[in-house]
There are 2 protein chains.
Amino acid sequence: MATFDVKNIGHLRPAISRGETMPSPCAACSIRHLSLCAALQENEVQEMAAIVTTLEVGAGEPLIDEGQPAVHVFNVTSGAIRVYKLLIDGRRQMTGFLFPGDFLGLANEETYAYSAEAVTASTVCRFPRRKIEALLIKYPRMERRLLGMASHELAAAQEQMLLLGRKNAREKIASFLLMLSRRAEQRGLPADPIFVPMSRNDIGDYLGLTTETVSRTFSDLKSKGAIELLPAGKVRLAQREHLEEVAEGA
Amino acid sequence: MATFDVKNIGHLRPAISRGETMPSPCAACSIRHLSLCAALQENEVQEMAAIVTTLEVGAGEPLIDEGQPAVHVFNVTSGAIRVYKLLIDGRRQMTGFLFPGDFLGLANEETYAYSAEAVTASTVCRFPRRKIEALLIKYPRMERRLLGMASHELAAAQEQMLLLGRKNAREKIASFLLMLSRRAEQRGLPADPIFVPMSRNDIGDYLGLTTETVSRTFSDLKSKGAIELLPAGKVRLAQREHLEEVAEGA
DNA sequence: GTTCGTCGTTGATTTAAATCAATGGCGGGT
DNA sequence: ACCCGCCATTGATTTAAATCAACGACGAAC
């Protein structure tokens, strides 16, 4: 896991001095969306920049281990991160996938309650938790933003509970593809031929299914013309409306 | 749903003027734990008291309907509340059970993303969301507390995802009983013969199971001596350690 | 006191998804 | 160039839980 300090952030400042409010890029990370650092004031930007470190994480490398002291918070800059919890015998439940702009490491306790790894080679911005907490006290606007993010995540978690507890395999896969599409769109990426960077196994562990069931369900949706499987992990949502109906259980 | 304003809160003040910090009772609701109102200053207590309304909700009565404008936040004072989401065809996923001291109604959006009903006859304190938000800006300490609660709930939600996605029926039921026991203990109630106020159907919708599977699994744990089913919805955790092993998937 | 609806339990059967198994493709390492 | 291991896919079989079904207990309503 290569690490280097961010020095040359000057070129990103203009976006803020230009008077942009939200979404504005995080000076340290050049993040636009849903970020802890969005819409900071000039003085706040400087303080954030002073404590940030940028990390490069190779595919499959760990970023956080459940049970370890929660000393850092992270902001994803590029790539994709998987967040998960394990049972003693190794069964794994993904609790989320993170993309550029997403935030990681919010913890109430002294230790992390989950693990995180890079799905593909990724870069993240790392902040010492203690320093972030000091900044939150100093700048309540940042804290409000964090609360907004937490409550957004909570709503997403409840939606995921509905999926895990009550949807069948086809509904799960349809929901998953649409979620990826919406999140890509939010980040200004193409919403239709979507890029699915994670393995069938990762998807299964996110949806409470096995690799085989995920693969079969993809094949099934494809044979019914709802999706097309393109090379390089791309998927076309050929019948988005149909997928939306399926995802909602209609 | 009977409603009346809270006037006589004077008798609760002493706990705060005595200089107690945390957990301290909420002046309006007499709540001790995990409450929005815990550890308030005297002036904050008065402002909270000025905007609170107490509601009585009969068993089965709705408190929140998904999609309705999110105009209030709630604090549970007595009884038990179920929070859930529905699919179009009526499949239901409980996202949580709330007990005295628990907080409800945190929402980022303009509408609620879930529904809530009383399991048993309950009382709740209701606050207008706009006024709460104004208070949060005025008193960042309250906001910090709210953030702590949100991140606690997020951790619980992730734990529940692990349960829903990867645990079998027995592990789910064991986890559920232990959760009820721990939460009862936190509220100063007996942790061993626990009171289970919700129906088998409610439990099933919480754990992603059917009524029948819940019932069979209870019977099975009982026949193996792990639990005892007592009258009036009480359950004895005869082999707590064994239940803990089962819950963790060991 | 009787009836009706809900609840919990148990049994029989079905089924969706898991498991077990085999294959071919692809990419990295030597 | 050649393995080796991982990944995706598909087929055959098993299985945990759902579904369908029946019954008794209980409480509320009339």
Side-chain angles (χ1 to χ4, degrees), chain A residues 58-61 82 87 89-93 117-121 163-174 176-177 196-224 227-235 246 249, chain B residues 58-61 82 87 89-93 117-121 163-174 176-177 196-224 227-235 246 249:
Chain A
E61 276 185 46
R82 53 176 175 247
L87 290 175
D89 63 3
R91 277 174 284 171
R92 183 177 68 157
Q93 177 65 43
E117 292 171 353
V119 174
T120 61
L163 178 150
L164 288 169
R166 290 303 181 208
K167 291 185 184 178
N168 64 29
R170 185 181 308 194
E171 292 161 351
K172 285 176 176 182
I173 296 286
F176 174 70
L177 291 174
V196 181
M198 62 288 287
S199 70
R200 299 287 185 259
N201 190 41
D202 283 355
I203 297 172
D205 283 353
Y206 182 61
L207 301 177
L209 300 171
T210 58
T211 316
E212 295 95 328
T213 299
V214 172
S215 185
R216 272 188 252 274
T217 307
F218 268 97
S219 299
D220 185 50
L221 286 171
K222 178 180 150 191
S223 76
K224 292 198 165 63
I227 62 173
E228 284 172 45
L229 300 177
L230 310 177
K234 289 269 199 305
V235 178
V246 170
Chain B
E61 276 186 46
R82 53 178 175 246
L87 290 175
D89 63 2
R91 277 174 284 171
R92 182 177 68 159
Q93 177 64 44
E117 295 171 352
V119 173
T120 61
L163 177 149
L164 289 169
R166 290 303 181 207
K167 290 185 183 176
N168 65 28
R170 188 180 307 193
E171 292 162 350
K172 285 176 175 181
I173 295 287
F176 174 70
L177 292 173
V196 181
M198 62 289 288
S199 69
R200 298 289 185 259
N201 191 40
D202 283 355
I203 297 172
D205 283 351
Y206 182 62
L207 301 176
L209 299 171
T210 58
T211 317
E212 294 94 327
T213 299
V214 172
S215 184
R216 272 186 253 274
T217 307
F218 268 97
S219 299
D220 185 51
L221 287 171
K222 178 179 151 191
S223 76
K224 292 198 166 62
I227 63 172
E228 284 172 44
L229 299 177
L230 310 177
K234 291 267 199 305
V235 178
V246 171

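All values below were derived from every heavy atom in this structure, side-chain atoms included, with hydrogens, water molecules and symmetry-related copies excluded. Residue numbers start from 1 in every chain, and the chains themselves are labelled A, B, ... in the order their sequence lines are given, proteins ahead of strands. If you're wondering where the values come from, they're calculated on a predicted model, not measured in any experiment.
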Separation of D/dA18 atom C1' from B/R200 atom CZ, nearest Å, is 18 Å
For A/L229, answer base if it contacts any base atom (sugar-phosphate contacts may also be present), sugar-phosphate if it contacts only those atoms, and nothing otherwise; contact means non-hydrogen atoms under 4.0 Å. sugar-phosphate
Rounded to whole angstrom units, what separation is found between the CE atom of B/M198 and the P atom of C/dG8? 11 Å
Under 4.0 angstrom, heavy atoms only, what part of the nucleic acid is A/G208 near: base, sugar-phosphate, or nothing? sugar-phosphate
Starting from P on D/dA17, measure out to CG on B/L207 and report it in whole angstrom. 12 Å
Just checking B/T210: base, sugar-phosphate only, or nothing, at a heavy-atom cut-off of under 4.0 Å? base
Taking only N and O in the side chain of A/S215, is any of them less than 4.0 Å away from OP1 or OP2 of D/dA8? no
Separation of C/dA16 atom P from A/D220 atom CG, nearest Å, is 12 Å
Answer yes or no: is there a side-chain heavy-atom contact under 4.5 Å between B/Q93 and A/L163? no
Rounded to whole Å, please give me the gap between CZ in B/F218 and P in C/dC7. 15 Å
Answer yes or no: does a side-chain N or O of A/R216 lie under 4.0 Å from OP1 or OP2 of C/dA17? no
Atom-to-atom span, CD1 of B/I203 to C1' of C/dG8 - whole angstrom: 11 Å
Is the distance from OP1 or OP2 of D/dT10 to the nearest side-chain N or O of A/S219 less than 4.0 Å? yes
Is there a side-chain contact between A/K167 and A/V246 (heavy atoms, below 4.5 Å)? no
Between CG of A/N201 and C1' of D/dG5 the distance, given in whole Å, is 15 Å
Residues A/D220, A/R216: salt bridge by 4.0 Å N-O rule: no
Which of D/dA17, D/dC7, C/dC7 is nearest the side chain of B/S199? It is C/dC7
Would you mind telling me which residue lines up with the more 5' stretch of DNA chain D, A/K222 or A/R166, judged by nearest nucleotide? A/K222
Nearest-Å distance for atom pair CD/C1', residues A/E212 and C/dC20: 9 Å
Side chain to side chain contact (heavy atoms under 4.5 Å, CB included) partner of A/I203, chosen from A/L177, A/V214, A/T211: A/V214
Determine yes or no for a side-chain-to-main-chain donor-acceptor pair under 3.5 angstrom, with B/R166 supplying the side chain and A/R91 the backbone. no
